[in-house]
Amino acid sequence: MKKHDLHTHCINTDFQGSILVTNGSQIEFKQAYGLADRVHNISNFTHTRFGIASGCKLFTAIAILQLIEKGCFSLDSRLRDVLPLNHSHFHESITVHQLLTHTSGIPDYFDEEEMDDFEDLWKERPSYRMESPADFLPLFEQEPMKSTPGERFSYNNSGYVLLGLIIEAHTGITFTEYVETHIFESAGMEKSGYFRMDQLPDGTATGYIGLGDGLYKSNIYSLPVKGGPDGGAYTTTEDVHALLDSLWKHRLLTKESTDLLLKPHVESSTGTFYGYGVWVIKDEGKAPVYSLMGLDPGVSFRTVFIPEDERMITVLSNCDDQAFSLMTFIRSTVL
């Protein structure tokens, strides 16, 4: 790996964040850049926690499959049978599988085909009141269906909110408690958690939104105060690799369930498919590559696992878009 090229690129582009590249058990590159706190001039470190936005959907998918393994319900179970919702307009045929694959057709509380500013959501419903999956229901449960269940892929945060509510209904504990106990602790993700944005622990990066002309603002008013089933946890590059290592070694799920999670269930765009909480990239003549990604105001996250050579690449950033552009550089130039 061309370590010098990657380091030089990060310096030249003013990258803000943390990078970890491993090949099997060997660390190929591990470095952090920029500031975790611009007000107090605190640097990012390789052990700094970053938000990962929608990268958290994998946690929700793992949790659902764990409950399926216990016999609580099945992938074919209907939403109406596993989570009674008395006041919604959701189609009665929606299944757990469709929620996991973004094919349920339910309305999305943040529809990326119609909205582009996440802050607009909180004009009438303050972000500091959004603390649990149930808090999001009023944003979408009375809206009409967007499409017929199973008809097409349409990325959908609301579907994962409902999956979180299913987890709570069948475990008797909060969604975040379940994930922190049955996934984070089981995988050895010692620094990860669903922390409130107004109570971030030491060693956590503040997310920053670029305003132009070298100016930034924090994302404290842009996101829900606490993450949940569709995104918002904090983690480190090492914890991400610990998670994927545990997943591939079947410490979190059986081999059968892991294979289902990684299966390319639905095509989202040419050559890109969605499994359960994970993206599957299939280039002709090449082995599949698995990816997690997340993008929120002041948050960008990409991780790629290449089974062919057991290489994992994780990029966490506390600035918009930077993880995506850096991952493109790494995969096209450095590797």
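Bear in mind the structure is a predicted one, so any value in this text is a computation, not a measurement. Keep in mind that the numbers below use all heavy atoms, side chains included, and drop hydrogens, waters and symmetry copies.
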Self-check item: Close side-chain approach of R311 to E28, heavy-atom, < 4.5 Å
Solution: yes
Quiz item: So, the side chain of S104 versus the backbone of L99: is there a donor-acceptor pair under 3.5 Å, distance only?
Solution: no
Quiz item: Do D321 and S300 come within less than 4.5 Å of each other through their side chains, counting heavy atoms only?
Solution: no
Quiz item: Do V299 and I42 share a hydrophobic cluster (ILVMFWY, side-chain heavy atoms under 4.5 Å, transitive)?
Solution: no
Self-check item: Worked verdict on E185 versus E180 for side chain to side chain contact (heavy atoms under 4.5 Å, CB included)
Solution: CA-CA 6 Å; E185 289 184 15; E180 288 174 343; 5.6 Å; no
Quiz item: Linking I/L/V/M/F/W/Y whenever their side-chain heavy atoms sit closer than 4.5 Å, directly or via other members, would Y194 and I173 fall into one cluster?
Solution: yes
Quiz item: More than 12 heavy atoms of other residues, nucleotides or ligands under 6.0 Å from CD of E190: is that the case?
Solution: no
Exercise. May I ask you to decide if P107's main-chain N or O and S158's side chain share a donor-acceptor pair within less than 3.5 Å?
Key: yes
Could you list the donor-acceptor pairs under 3.5 angstrom formed by side chains in residues 226-234, with sequence neighbours left out?
residue: D230; atom: OD2; partner: Y109; partner atom: OH; Å: 2.3

Quiz item: Just by distance, do the side chain of E143 and the backbone of F140 share a donor-acceptor pair under 3.5 Å?
Solution: no
Quiz prompt | Nearest-0.5 Å distance, OH of residue Y290 to CH2 of residue W248 | solution = 6.5 Å
Quiz prompt | Side-chain donor-acceptor contact under 3.5 Å, H241 with T22 | solution = yes
Practice problem: Decide yes or no for L326 and H9: does some side-chain heavy atom of the first lie under 4.5 Å from some side-chain heavy atom of the second? | Solution: yes
Self-check item: Worked verdict on L100 versus L75 for side chain to side chain contact (heavy atoms under 4.5 Å, CB included)
Solution: CA-CA 9 Å; L100 284 166; L75 288 166; 3.6 Å; yes
Quiz item: Under 4.0 Å between a Lys/Arg side-chain N and an Asp/Glu carboxylate O for K263 and D259?
Solution: no
Quiz item: Under the 3.5 angstrom rule, does the side chain of H91 hit a backbone N or O of S93 as a donor-acceptor pair?
Solution: yes
Quiz item: In the single-linkage hydrophobic clustering (I, L, V, M, F, W, Y; side-chain heavy atoms under 4.5 Å), do L20 and V240 co-cluster?
Solution: no
Exercise. Grab the two heavy atoms, one from F175 and one from G164, that are nearest each other, plus how far apart they are.
Key: CD1-CA, 3.9 Å
Exercise. Applying side chain to side chain contact (heavy atoms under 4.5 Å, CB included) between F110 and each of N157, D296, N156, report the one that passes.
Key: N157
Sequence neighbours left out, cut at 3.5 Å: what donor-acceptor pairs do the side chains of residues 125-132 make with other protein atoms?
residue: E131; atom: OE1; partner: R196; partner atom: NH1; Å: 2.5
residue: S132; atom: OG; partner: D135; partner atom: OD2; Å: 3.3

Quiz prompt | For the student: nearest non-hydrogen atoms of M197 and P224, plus distance | solution = SD-O, 3.5 Å
Quiz prompt | Distance-only donor-acceptor check, side chains S77 and S74, under 3.5 Å | solution = yes
Self-check item: Residues that D81 engages under salt bridge (charged side-chain N to carboxylate O under 4.0 Å, His left out), provided they are two or more places apart
Solution: R78
Practice problem: Begin from the C-alpha positions of L58 and L261 and carry the test side chain to side chain contact (heavy atoms under 4.5 Å, CB included) through to its verdict. | Solution: CA-CA 9 Å; L58 176 61; L261 183 130; 3.7 Å; yes
Quiz item: Roughly how far, to the nearest 0.5 Å, is the OH atom of Y178 from the CD1 atom of I62?
Solution: 10.0 Å
Side-chain donor-acceptor pairs under 3.5 Å in residues 268-278, sequence neighbours left out?
residue: S268; atom: OG; partner: T272; partner atom: O; Å: 3.2
residue: Y274; atom: OH; partner: H102; partner atom: NE2; Å: 3.3
residue: Y276; atom: OH; partner: H97; partner atom: ND1; Å: 2.7

Quiz item: In terms of side-chain geometry, is the basic nitrogen of E238 or K191 positioned less than 4.0 Å from the acidic oxygen of its partner?
Solution: no
Practice problem: Indicate if V39 and Y221 have the same hydrophobic cluster label, given that clusters are the connected sets of ILVMFWY residues with side-chain heavy-atom separations under 4.5 angstrom. | Solution: no
Quiz item: Between NZ of K2 and OG1 of T8, what distance do you get to the nearest 0.5 Å?
Solution: 12.5 Å
Quiz item: Are any of the side-chain heavy atoms of H182 and T171 separated by less than 4.5 Å?
Solution: no
Self-check item: Donor-acceptor contact present, side-chain Q26 to main-chain N23, <3.5 Å
Solution: no
Quiz prompt | Within 6.0 angstrom of E151 CD, more than 12 heavy atoms from elsewhere | solution = yes
Practice problem: Keeping to residues at least two apart or across chains, list the ring-ring contact (aromatic ring centres under 6.0 Å, His included) pairs with something in residues 42-72. | Solution: F45-H47, F59-F184
Exercise. Measure the shortest side-chain to side-chain distance between I19 and C10 over non-hydrogen atoms and say whether it is less than 4.5 angstrom.
Key: yes
Quiz item: Okay, side chain of Q16, backbone of L35: is any donor-acceptor separation there less than 3.5 Å?
Solution: yes
Self-check item: Separation of Y33 OH from S18 OG (nearest 0.5 Å)
Solution: 9.5 Å
Quiz item: So with a 6.0 Å cut-off around CD of E256, is the heavy-atom count from everything else above 12?
Solution: no
Quiz item: Can you tell me how far the CE atom of M312 sits from the OG1 atom of T237, to the nearest 0.5 Å?
Solution: 11.5 Å
Quiz item: Looking at side-chain heavy atoms only, is the closest gap between L162 and L85 below 4.5 Å?
Solution: yes
Practice problem: Kindly give the heavy-atom pair with the smallest separation between I183 and M189, and that separation in Å. | Solution: O-SD, 4.4 Å
Exercise. Could you check M293 against L295 for side chain to side chain contact (heavy atoms under 4.5 Å, CB included), going step by step and ending with a plain yes or no?
Key: CA-CA 7 Å; M293 62 184 76; L295 181 64; over 6 Å; no
Self-check item: Shortest non-hydrogen contact between T235 and D239, atoms and distance
Solution: OG1-CB, 3.2 Å
Could you pull out every donor-acceptor pair under 3.5 Å between side chains of residues 204-220 and any protein atom, sequence neighbours left out?
residue: T204; atom: OG1; partner: P201; partner atom: O; Å: 2.9
residue: Y208; atom: OH; partner: R38; partner atom: N; Å: 2.8
residue: K217; atom: NZ; partner: E119; partner atom: OE2; Å: 3.1
residue: N219; atom: ND2; partner: P297; partner atom: O; Å: 3.0

Quiz item: Is the backbone of T254 close enough, under 3.5 Å, to the side chain of E69 for a donor and an acceptor to pair up by distance?
Solution: yes
Exercise. Could you tell me whether a side-chain N or O of R251 sits under 3.5 Å from a main-chain N or O of L243, the two making a donor and an acceptor?
Key: no
Quiz prompt | Heavy-atom closest pair, residues F324 and R302 | solution = CE2-CD, 3.7 Å
Quiz prompt | Contact check, side chains of I68 and F73, non-hydrogen atoms, under 4.5 Å | solution = yes
Quiz item: Taking H265 for the side chain and Q98 for the main chain, is one N or O donor matched with an acceptor at less than 3.5 Å?
Solution: no
Quiz item: Under 4.5 Å between any side-chain heavy atoms of L165 and L137, yes or no?
Solution: yes
Practice problem: Using modelled atom types only, decide if a donor and an acceptor are shared between the side chain of S325 and the backbone of Q322 within a distance under 3.5 Å. | Solution: yes
Quiz prompt | More than 12 heavy atoms from other groups under 6.0 Å of CZ on F29 | solution = yes
Quiz item: What's the spacing between T303 OG1 and L292 CG if we round to 0.5 Å?
Solution: 6.0 Å
Quiz item: Do I167 and F90 share a hydrophobic cluster, counting only Ile, Leu, Val, Met, Phe, Trp and Tyr and linking them when any side-chain heavy atoms are less than 4.5 Å apart?
Solution: yes
Self-check item: Contact summary for S186 and L252, nearest pair of heavy atoms
Solution: CB-CD2, 3.8 Å
